[in-house]
Number of protein chains: 2
Amino acid sequence: MNAPLIEKTCGFADSQTVAAKLAALSHPTRIEILRHLSASRSCCCREVVDHLDLAQSTVSQHLKILVDAGLVRYEPDRQRSRYEVDSDALEDVSASLAALVNSCCSGR
Amino acid sequence: MNAPLIEKTCGFADSQTVAAKLAALSHPTRIEILRHLSASRSCCCREVVDHLDLAQSTVSQHLKILVDAGLVRYEPDRQRSRYEVDSDALEDVSASLAALVNSCCSGR
DNA sequence: ATCGTCTATCGCCGATAGACGATGAACGCT
DNA sequence: AGCGTTCATCGTCTATCGGCGATAGACGAT
């Protein structure tokens with residue numbers, strides 16, 4: 001998966017790539033999860049569940065989506081899980097969107 | 001709909017609002033449409049259809065989603081339609097995401 | 001008046017998303 | 001060994017998405 005590389009060199013990723021990352025961010029629960037992950041640096045699944053009032057399986061699913069999108073790092077820690085925001089990836093997405101928006105607004 | 005106002009004043013919109021706008025952007029076809037709209041300033045539906053190789057009804061749907069999200073302005077022009085990128089709204093979304101990302105990455 | 005074009009909308013469909021509960025594996029503790 | 005906790009995964013259900021064709025309305029041209 002070298003998409004971020006392409007992104008770095010040419011200034012914007014292809015529509016497919018950008019859309020996929022934005023899709024991972026396009027759910028209120030997942031945004032809330034990101035906020036919580038960044039606020040408390042510990043971040044096991046249970047913690048997020050307590051914070052969110054959703055079923056544990058549901059939260060686990062959302063976390064998986066974020067991990068699959070490359071926005072959150074995951075590391076099993078004993079019987080716990082450890083989730084952590086991937087700041088670089090997140091900034092990448094933001095930059096991609098900014099590049100897209102910029103290229104769309106350059107004409108004025 | 002005063003969400004953008006809130007966004008302006010407090011630095012970031014609520015998760016729901018951000019997610020909704022990102023959802024509108026989280027489809028490759030819609031990103032492609034945005035690119036096309038910004039490239040050619042004229043933008044009737046038919047034009048987009050010719051550019052995209054999708055059914056007219058499908059394209060119309062995607063355009064509607066973008067309009068409903070407030071990212072594209074719409075104005076009927078005779079029997080044609082006129083779609084135009086709303087640069088301000090687009091920059092708003094980008095800023096919202098940047099704010100979110102920033103608040104998530106401030107800890108390092 | 002009629003025809004052709006451009007749109008938006010409707011109805012339909014297959015696929016996917018998002019929620020849940022149940023389950024079993026892994027692990028710490030007693 | 002046995003119990004409680006944490007977690008990922010599976011199966012199920014429902015709602016929504018994304019695609020299409022068909023249709024009707026609006027309009028220009030003939």
Side-chain angles (χ1 to χ4, degrees), chain A residues 14-37 40-85, chain B residues 14-37 40-85:
Chain A
D14 63 302
S15 305
Q16 183 87 35
T17 306
V18 182
K21 305 239 176 190
L22 291 181
L25 288 172
S26 68
H27 195 286
T29 297
R30 291 197 284 272
I31 291 184
E32 211 52 53
I33 288 178
L34 279 181
R35 289 210 169 106
H36 185 68
L37 288 189
S40 68
R41 295 187 53 85
S42 106
C43 338
C44 71
C45 178
R46 177 66 201 286
E47 246 183 324
V48 184
V49 171
D50 291 343
H51 179 64
L52 280 181
D53 192 45
L54 279 175
Q56 177 266 330
S57 55
T58 304
V59 173
S60 187
Q61 270 300 318
H62 281 302
L63 283 167
K64 181 175 166 54
I65 290 173
L66 288 170
V67 170
D68 287 348
L71 304 179
V72 164
R73 275 190 301 272
Y74 164 69
E75 188 182 7
D77 178 18
R78 316 267 178 176
Q79 87 276 27
R80 306 231 165 189
S81 55
R82 178 156 308 272
Y83 290 98
E84 194 177 349
V85 170
Chain B
D14 64 300
S15 305
Q16 184 86 36
T17 305
V18 182
K21 305 238 175 188
L22 291 181
L25 288 172
S26 67
H27 194 288
T29 297
R30 291 197 284 273
I31 291 185
E32 211 53 52
I33 288 178
L34 279 181
R35 289 211 168 105
H36 185 69
L37 287 190
S40 69
R41 295 186 55 84
S42 107
C43 337
C44 72
C45 179
R46 177 66 202 286
E47 244 182 325
V48 184
V49 172
D50 290 343
H51 178 64
L52 281 181
D53 191 44
L54 279 175
Q56 179 267 329
S57 55
T58 304
V59 173
S60 188
Q61 269 302 317
H62 281 302
L63 283 168
K64 180 175 166 54
I65 290 173
L66 288 169
V67 170
D68 287 347
L71 304 179
V72 164
R73 276 190 300 271
Y74 164 69
E75 188 181 8
D77 178 17
R78 316 268 178 176
Q79 88 275 28
R80 306 230 166 191
S81 54
R82 178 157 309 273
Y83 290 98
E84 193 176 348
V85 170

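Not measured: the values here are computed from a predicted model.
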Checklist entry - What's the OH-P distance between A/Tyr83 and D/dC7, to the nearest Å? => result 8 Å
Item to check | Interatomic distance where CZ belongs to A/Arg80 and P belongs to C/dG28 [whole Å] | outcome: 11 Å
Next on the checklist: For the CG atom on B/Asp53, are there more than 12 heavy atoms of other groups (residues, nucleotides or ligands in this structure) within a distance under 6.0 Å?
Outcome noted: no
Item to check | Smallest separation among heavy atoms of B/Lys21 and B/Ala69, with atom names | outcome: NZ-O, 3.7 Å
Item to check | Annotated protein contacts, base or backbone, on nucleotides 18-30 of chain D with a non-hydrogen cut-off under 4.0 Å, one of B, S, - each | outcome: SSBBB----SS--
Item to check | Pairing of B/Glu84 and B/Arg73 as salt bridge, 4.0 angstrom limit | outcome: yes
Checklist entry - Would a distance-only check, ignoring hydrogens and angles, find a side-chain to backbone donor-acceptor pair under 3.5 Å from A/Gln61 to A/Ser57? => result no
Next on the checklist: Distance check needed: C/dG28 C1' versus A/Arg46 CZ, whole Å only.
Outcome noted: 16 Å
Next on the checklist: Test side-chain contact (heavy atoms from CB on, under 4.5 Å) on B/Leu25 and A/Val18; report intermediate values, then the result.
Outcome noted: CA-CA 9 Å; B/Leu25 288 172; A/Val18 182; over 6 Å; no
Checklist entry - B/Asp68 CG to C/dA8 P: how many Å, rounded? => result 12 Å
Item to check | A/Glu47 CD to D/dC7 C1', straight-line distance once rounded to whole Å | outcome: 14 Å
Item to check | B/Arg30 side-chain N/O to B/Leu66 backbone N/O, donor-acceptor pair under 3.5 Å | outcome: no
Checklist entry - When you check the phosphate oxygens OP1 and OP2 of C/dT7, does a side-chain N or O of B/Ser60 lie under 4.0 Å from one of them? => result no
Next on the checklist: Whole angstroms only, please: what is the CG-P distance between B/Leu63 and C/dA8?
Outcome noted: 7 Å
Next on the checklist: Could you tell me how far apart A/Lys64 (NZ) and D/dC7 (C1') are, to the nearest whole angstrom?
Outcome noted: 13 Å
Next on the checklist: Does the plane of the ring in A/His27 sit parallel, tilted or perpendicular to the ring in A/His62? Use 30° and 60° as the thresholds.
Outcome noted: tilted
Checklist entry - Does the A/Ser26 side chain pair with the main chain of A/Ala23, one donor and one acceptor, at a distance under 3.5 Å? => result yes
Checklist entry - Given pairs defined as Watson-Crick or G-U wobble with both distances under 3.5 Å, what dot-bracket annotation applies to DNA chain D, with ( ) intrastrand, [ ] crossing, | other strand and . unpaired? => result ||||||||||||||||||||||||||||||
Next on the checklist: Nearest whole Å is fine: how far is C/dT7 P from B/Tyr74 OH?
Outcome noted: 9 Å
Item to check | Which residues share a side-chain hydrogen bond (donor to acceptor under 3.5 Å, both in side chains) with A/Arg80, sequence neighbours left out | outcome: none
